[in-house]
Amino acid sequence: MSKSKLRRKILNLRKKNSNKKLSLNSHRIYRFLKKNKINFKNVGGYYPCNHEIDDLDMLYFLRNKKANISLPIIRENNQMDFFEWTNKDPLKINKYGIAEPTLGKKIYPDIIFVPLVAYDDDLNRLGYGGGFYDRYLEKVSKIKKIFKIGLGFSYQEIKKIPINKYDKKLDLIITEKKIIQ
């Protein structure tokens, strides 16, 4: 199945399941990060939309553990950067309908929470098709290594994601039920 057909199928499934109150366990994720000595001083998150799994509670939890939280801003030429954000800071809606910070300090995250359309157990991710995260990760890999954590619902798992040379593998995938590494 092509990426676009797969994307439509999973997005429809996600919309149908949006009334279920599935969520991440912030304490379990925090314990995992600590146990595995994963640096989370600077965390890149996302503001959930389009029935994505909500990472805001996790971001607030990590902020209370003294992490710097950042959200992406999409710039010209489909480039993306992360900027410091707290839940007291204003947001604006970009041309894609996604909330993003209005100002702040540019951050290079140590870990980044990546939204998923679909995933497989080989840590491959299917996104929305714009390549924003893949381009960002490629650009920043020249500066520092970022630990990439995909966030999604368990029902978004498929047997095999079709990938190409531009797709970046994740380091970890977290759902409401399990952690894949």
Side-chain angles (χ1 to χ4, degrees), residues 2-4 6-8 10-11 14-15 18 24 29 33 38-63 66-119 123-153 156 161-174:
S2 73
K3 282 186 175 186
S4 59
L6 186 56
R7 195 174 284 117
R8 275 194 304 275
I10 300 296
L11 287 173
R14 199 165 71 184
K15 188 175 182 179
S18 65
L24 300 170
I29 296 168
L33 294 172
I38 297 168
N39 180 14
F40 57 90
K41 182 179 185 313
N42 295 301
V43 178
Y46 60 90
Y47 203 91
C49 65
N50 198 21
H51 312 291
E52 293 170 336
I53 197 159
D54 192 335
D55 68 333
L56 294 177
D57 286 341
M58 183 70 217
L59 294 176
Y60 301 151
F61 183 89
L62 291 174
R63 178 129 180 104
K66 306 298 182 218
N68 299 313
I69 303 303
S70 60
L71 295 178
I73 293 179
I74 297 174
R75 297 173 164 242
E76 318 169 342
N77 302 327
N78 291 341
Q79 294 297 312
M80 184 169 79
D81 285 302
F82 282 78
F83 290 84
E84 196 167 45
W85 178 77
T86 72
N87 57 340
K88 295 178 178 117
D89 294 334
L91 295 166
K92 66 177 174 144
I93 304 299
N94 69 18
K95 67 181 179 180
Y96 300 102
I98 301 169
E100 57 185 27
T102 57
L103 46 97
K105 184 175 116 186
K106 189 177 194 178
I107 298 277
Y108 292 104
D110 300 308
I111 67 171
I112 186 171
F113 293 130
V114 183
L116 307 166
V117 171
Y119 64 92
L123 300 172
N124 294 306
R125 163 191 178 265
L126 179 68
Y128 291 99
F132 295 102
Y133 282 90
D134 293 324
R135 273 193 301 282
Y136 178 76
L137 293 166
E138 178 66 28
K139 174 178 76 173
V140 175
S141 70
K142 296 170 179 77
I143 300 167
K144 73 183 287 187
K145 176 152 176 43
I146 296 177
F147 193 81
K148 304 166 295 297
I149 303 174
L151 300 180
F153 298 107
Q156 291 173 265
I161 296 285
I163 58 170
N164 64 41
K165 66 180 183 176
Y166 301 109
D167 294 329
K168 302 292 179 215
K169 219 179 237 304
L170 299 167
D171 297 303
L172 194 69
I173 295 171
I174 299 174

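These values consider heavy atoms only, across backbone and side chains, with no hydrogens, waters or symmetry-generated copies. In this text the structure is predicted, and so the values were computed from the model without any measurement.
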Undergrad: Could you tell me whether a side-chain N or O of E100 sits under 3.5 Å from a main-chain N or O of I74, the two making a donor and an acceptor?
TA: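 It does hold such a pair.
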Undergrad: Taking only residues two or more places apart in sequence or in another chain, which ones pass ring pair (Phe, Tyr, Trp, His ring centres under 6.0 Å) with F147?
TA: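 Scan of F147 (ring pair (Phe, Tyr, Trp, His ring centres under 6.0 Å), adjacent residues dropped) gives none.
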Undergrad: Nearest 0.5 Å please: distance from the NZ atom of K145 over to the CG atom of L137.
TA: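 Atom-to-atom, K145:NZ and L137:CG are 9.5 Å apart.
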Undergrad: Should D167 and N124 count as side-chain neighbours, where that means a heavy-atom distance under 4.5 Å?
TA: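 Result no, sub-4.5 Å side-chain heavy-atom pair not found.
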Undergrad: Does any N or O in the side chain of N42 come within less than 3.5 Å of the main-chain N or O of N68, such that one atom is a donor and the other an acceptor?
TA: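 Checking the backbone N and O of N68 against the side chain of N42, no donor-acceptor pair under 3.5 Å is found.
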Undergrad: Report yes if some heavy atom in the side chain of V43 is under 4.5 Å from a heavy atom in the side chain of R63; otherwise report no.
TA: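 A side-chain contact is absent here, since even the closest heavy-atom pair is not under 4.5 Å.
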Undergrad: With a 6.0 Å cut-off on ring centres, are Y133 and Y46 close enough?
TA: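 That pair fails the under 6.0 Å test.
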Undergrad: Is R14 reaching over with its side chain to a backbone N or O of G152, donor-acceptor style, under 3.5 angstrom?
TA: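 Such a contact is absent between R14 side chain and G152 backbone.
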Undergrad: Does the side chain of L33 reach to within under 4.5 Å of the side chain of I111, using non-hydrogen atoms?
TA: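 Side-chain contact under 4.5 Å: yes.
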Undergrad: With L71, which of I107, L59, D89 fulfils side chain to side chain contact (heavy atoms under 4.5 Å, CB included)?
TA: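 That would be L59.
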Undergrad: With side chain to side chain contact (heavy atoms under 4.5 Å, CB included) as the test, would you mind laying out the steps for I149 and L151 before giving the verdict?
TA: CA-CA 6 Å; I149 303 174; L151 300 180; 4.0 Å; yes
Undergrad: With a 4.5 Å heavy-atom cut-off, do Y136 and I146 have their side chains touching?
TA: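 Y136 reaches I146 side chain to side chain.
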Undergrad: Mark yes or no for whether N77, through its side chain, and Q79, through its backbone, hold a donor-acceptor pair below 3.5 Å.
TA: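 Flag not set: sc N77 to bb Q79 has no pair under 3.5 Å.
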Undergrad: Would you mind reporting whether F83 and S70 have side-chain heavy atoms less than 4.5 Å apart?
TA: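 Counting from C-beta outward, S70 and F83 never come under 4.5 Å.
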